[in-house]
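Basis for what follows: all heavy atoms, side chains included, without hydrogens, waters or symmetry-related copies. Each ligand, and each atom within it, is numbered from 1 in the order the structure gives.
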Amino acid sequence: MVRILKLSQLSDAERAKLQKRAELDIDNALKVAQTVIETIRERGDAGVVDYVRRFDYEGATVENIKVNEAEFEQAFQLIEPEVKTAIEQAFRNIQEVHRRQMPEEIQLAEIEAGVFAGEKISPIPNVGLYVPRGRGAFPSMMLMLAIPAMVAGVERVVVCTPPDKQGNVEPVSLVAARMAGVTEIYKLGGVQAIAALALGTKNIKRVDKITGPCSVYGAAAKRLLFGTVDVGLPAGPSESIVLADESTDARLAALDLLIEAEHGADSAALLVTHCEQVAIAAREYAQEYLQKLPDWRREFCEAGLAAYGGIILTDSLQQSLDFVNEYAPEHLELLVSNPFAILGKIKNAGEILLGNHTPSSMATYAIGVNAVLPTGSFARSYSAVSVYDFLKRSTLAYVTPEGFEKLKETTKTLADYEGFPAHKLAIQQREFLL
Ligand SMILES: NC(=O)c1ccc[n+]([C@@H]2O[C@H](COP(=O)([O-])OP(=O)(O)OC[C@H]3O[C@@H](n4cnc5c(N)ncnc54)[C@H](O)[C@@H]3O)[C@@H](O)[C@H]2O)c1
Ligand SMILES: N[C@H](CO)Cc1c[nH]c[nH+]1
Ligand SMILES: [Zn+2]
């Protein structure tokens, strides 16, 4: 039975446990990751292959961990026509959304007479994308990562994704990668993928940034390699809040509660409402809909809902909103009578989905908004993946002779005050040299 928790009756410890989610059960993974990283640092490709053999595919060799042309071609043979059509529509919408995000390459504004300031935008040269594979196939994640990287103009986009026990990469992910223009793909998952991308080996050139969702092993590796490489946003176990009021159809609330719950036993799926009737009815419907899922997905839902999720009953809509903002969910669905009326009150959420026709599964696959989102309360400061994850900004300035006259005294005064004589001299001498 899906639990109903009355928010006002939760102890501080219970509230903190909800807030923490599963994200931080990382200690054991950190130990594994440390050993794998050290081995790859010392033994390079041979170390990488040893761990692929141990964790994913026994037949891995230095030669066969890179996806070859025949494997791409085979993937195009294997894909069902309706899946290809679906991928094509998703591709178009994701590309459209991300093209609209692209800023002007050069922005320069006159700040005062003769003083121009702005930014030059450039792509990150080398980027590694991690597309997970453990508990599902994720061609959608391939699109969500590869398309913004390509739109941003990244020169080298490398993908790592785990092979199955037969050494194959999930074929629709290969089709999605090819459509986006990615050709360099390694059959690597977990720590060995992150370590190879971050440290580089003879066969796998290191990257400047790695981004993409992963399980606790990849997350542990990213934590240990922070400082060696840019590890992007924290995107861990899926989590969501469905926010309901007295107008909500409890069947929709129950259905959407199960969307993120089915990812894994570590998923955190919550329905938050001040309306007891909706809470009780949604609990009944959730039980019913759970029976429609295959055993392994239903067991994920039951475990995650018992440990990290469930239905939270609050005293008022305002208390529900306060809870949402404190929790900072990855996905937030506003299944309320007028979602636009409360939109301004949402302060922290990776994704905000408005109304009955915008379930989070549609955002994951088809709308075009990015579905790689910050988890573990990091939606307080991080954003969804976008072209900005693949761009950097150089500040840009240009001063005319007129502008130089206007700024020279301020520069000399502040250089004096801070005790930097060469800074001052560069201004003083220019007054004679120019
Ligand atoms: N935040 C987001 O936007 C977002 C999007 C999609 C998925 N996700 C989350 O990403 C995660 C993906 O995880 P996953 O497990 O499906 O795929 P994964 O690819 O991250 O994990 C599989 C890899 O883990 C490694 N591994 C497995 N067991 C191991 C062990 N005992 N020791 C060392 N390494 C081991 C293997 O090398 C394997 O390749 C899920 O938690 C999912 O909810 C998040
Ligand atoms: N909902 C996930 C992000 O939390 C993404 C995903 C891909 N496939 C299925 N789900
Ligand atoms: Zn999902």
Side-chain angles (χ1 to χ4, degrees), residues 21-23 25-26 28-37 39 48 50-57 60 65 90 129-145 159-165 167 169-170 172-173 176 186-196 211-222 232-240 256 258-269 297 300-301 304 308 329-333 350-351 353 359-366 369-379 382-385 389:
R21 295 86 142 169
E23 182 85 354
D25 276 346
I26 203 171
N28 179 47
L30 280 172
K31 286 187 206 130
V32 176
Q34 185 75 55
T35 311
V36 177
I37 291 168
T39 308
V48 171
D50 274 359
Y51 284 109
V52 182
R53 288 182 185 153
R54 186 170 316 175
F55 295 128
D56 292 311
Y57 167 45
I65 59 168
L129 308 177
Y130 186 84
V131 176
R133 173 66 192 274
R135 285 162 284 174
F138 287 107
S140 56
M141 295 294 98
M142 183 72 84
L143 295 176
M144 293 292 173
L145 294 166
V159 169
C160 282
T161 190
D164 63 15
K165 296 278 173 232
V169 169
E170 195 281 307
V172 181
S173 297
Y186 297 96
K187 301 175 197 175
L188 298 177
V191 183
Q192 53 278 18
I194 306 299
T211 195
C214 48
S215 64
V216 72
Y217 296 102
K222 284 182 183 174
L233 78 166
S238 293
E239 48 178 69
S240 63
D256 293 0
L258 302 187
I259 296 175
E260 297 308 321
E262 75 170 342
H263 276 271
D266 51 3
S267 303
R297 287 286 179 198
F300 279 164
C301 290
Y308 311 110
E330 178 194 3
H331 306 268
L332 173 64
E333 278 190 23
E351 163 180 89
L353 303 170
S360 71
S361 46
M362 195 168 273
T364 289
Y365 293 122
V369 290
N370 207 292
V372 180
L373 299 158
T375 57
S377 86
F378 281 101
Y382 281 86
S383 312
V385 163
D389 285 82

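Atoms of ligand 1 found under 4.0 Å from any heavy atom of Gly189 (numbered from 1 in listed order, with element): 37 (O), 39 (O). Within the listing of ligand 2, atoms 1 (N), 2 (C), 4 (O) sit less than 4.0 angstrom from a heavy atom of Glu260. Atoms of ligand 1 lying under 4.0 Å from any heavy atom of Val372, numbered from 1 in the order shown and given with element: 3 (O). Within the listing of ligand 1, atoms 5 (C), 6 (C) sit less than 4.0 angstrom from a heavy atom of Met141. Which parts of ligand 1 touch Glu330 is read off a 4.0 Å heavy-atom cut-off, strictly below it: atoms 1 (N), 2 (C), 3 (O). Annotation for ligand 1: atoms under 4.0 Å from non-hydrogen atoms of Thr375 are 1 (N). Those atoms of ligand 1 with a heavy atom of Pro213 less than 4.0 angstrom away are 2 (C), 4 (C), 5 (C), 6 (C), 7 (C), 8 (N), 10 (O), 44 (C).
Classified by interplanar angle (parallel below 30°, tilted 30° to 60°, perpendicular above 60°), the ring pair Tyr51/Phe55 is parallel.
A donor-acceptor pair under 3.5 Å links the side-chain atoms of Thr161 to the main chain of Val131, judged by distance alone. Glu239 places no side-chain N or O within 3.5 Å of a backbone atom of Pro329 that could act as its donor or acceptor partner.
Side-chain atoms of Leu233 and Phe378, non-hydrogen and from C-beta on, never get closer than 4.5 Å to each other. With contacts defined as side-chain heavy-atom distances shorter than 4.5 Å, the pair Asp389/Ser383 does not qualify. In this structure, the side chains of Ile65 and Val48 come closer than 4.5 Å at one or more pairs of heavy atoms. A heavy-atom distance below 4.5 Å is found between the side chains of Glu333 and Ile259. Contact of the Lys222 side chain with the Cys214 side chain is registered, since non-hydrogen atoms from C-beta on lie closer than 4.5 Å. Looking only at side-chain heavy atoms (C-beta outward), Tyr382 and Pro234 come within less than 4.5 Å of each other.
Looking at Phe138, Tyr217, Phe55, it is Tyr217 that brings a heavy atom closest to atom 28 (N) of ligand 1. Across Asp164, Val36, Thr35, Asp56, heavy-atom proximity to atom 37 (O) of ligand 1 is greatest for Asp56. Between the choices Cys214, Ala193, Ser267, Pro132, the shortest heavy-atom distance to atom 11 (C) of ligand 1 belongs to Cys214.
Distances from the Zn ion (ligand 3) to the N/O/S atoms of His263 are shortest for NE2.
Note on ligand 2: Glu239 sits outside its first shell, no heavy atom being nearer than 4.0 Å. Within the structure, the closest approach of Leu373 to ligand 2 does not fall below 4.0 Å when heavy atoms are considered.
In terms of protein heavy-atom proximity, atom 42 (C) of ligand 1 is closest to Ser238 OG, 4.1 Å. For atom 21 (O) of ligand 1, the nearest protein heavy atom (residue, atom name, distance) is Ser215 OG, 3.3 Å. Protein heavy atom nearest atom 16 (O) of ligand 1, with residue, atom name and distance: Arg135 N, 2.9 Å. At the top of the distance list for atom 23 (C) of ligand 1, counting protein heavy atoms only, stands Gly190 N, 3.8 Å. What sits closest to atom 9 (C) of ligand 1 on the protein, heavy atoms only, is Gly236 O, 3.3 Å.
Heavy atoms of Ala371 found under 4.0 angstrom from ligand 2 belong exclusively to the backbone.
Considering both main-chain and side-chain atoms, Ala235 never comes within under 3.5 Å of ligand 1 through any nitrogen or oxygen pair.
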Thr375 and Arg21: CA distance, side-chain angles, deciding distance, side-chain contact (heavy atoms from CB on, under 4.5 Å) verdict: CA-CA 9 Å; Thr375 57; Arg21 295 86 142 169; over 6 Å; no
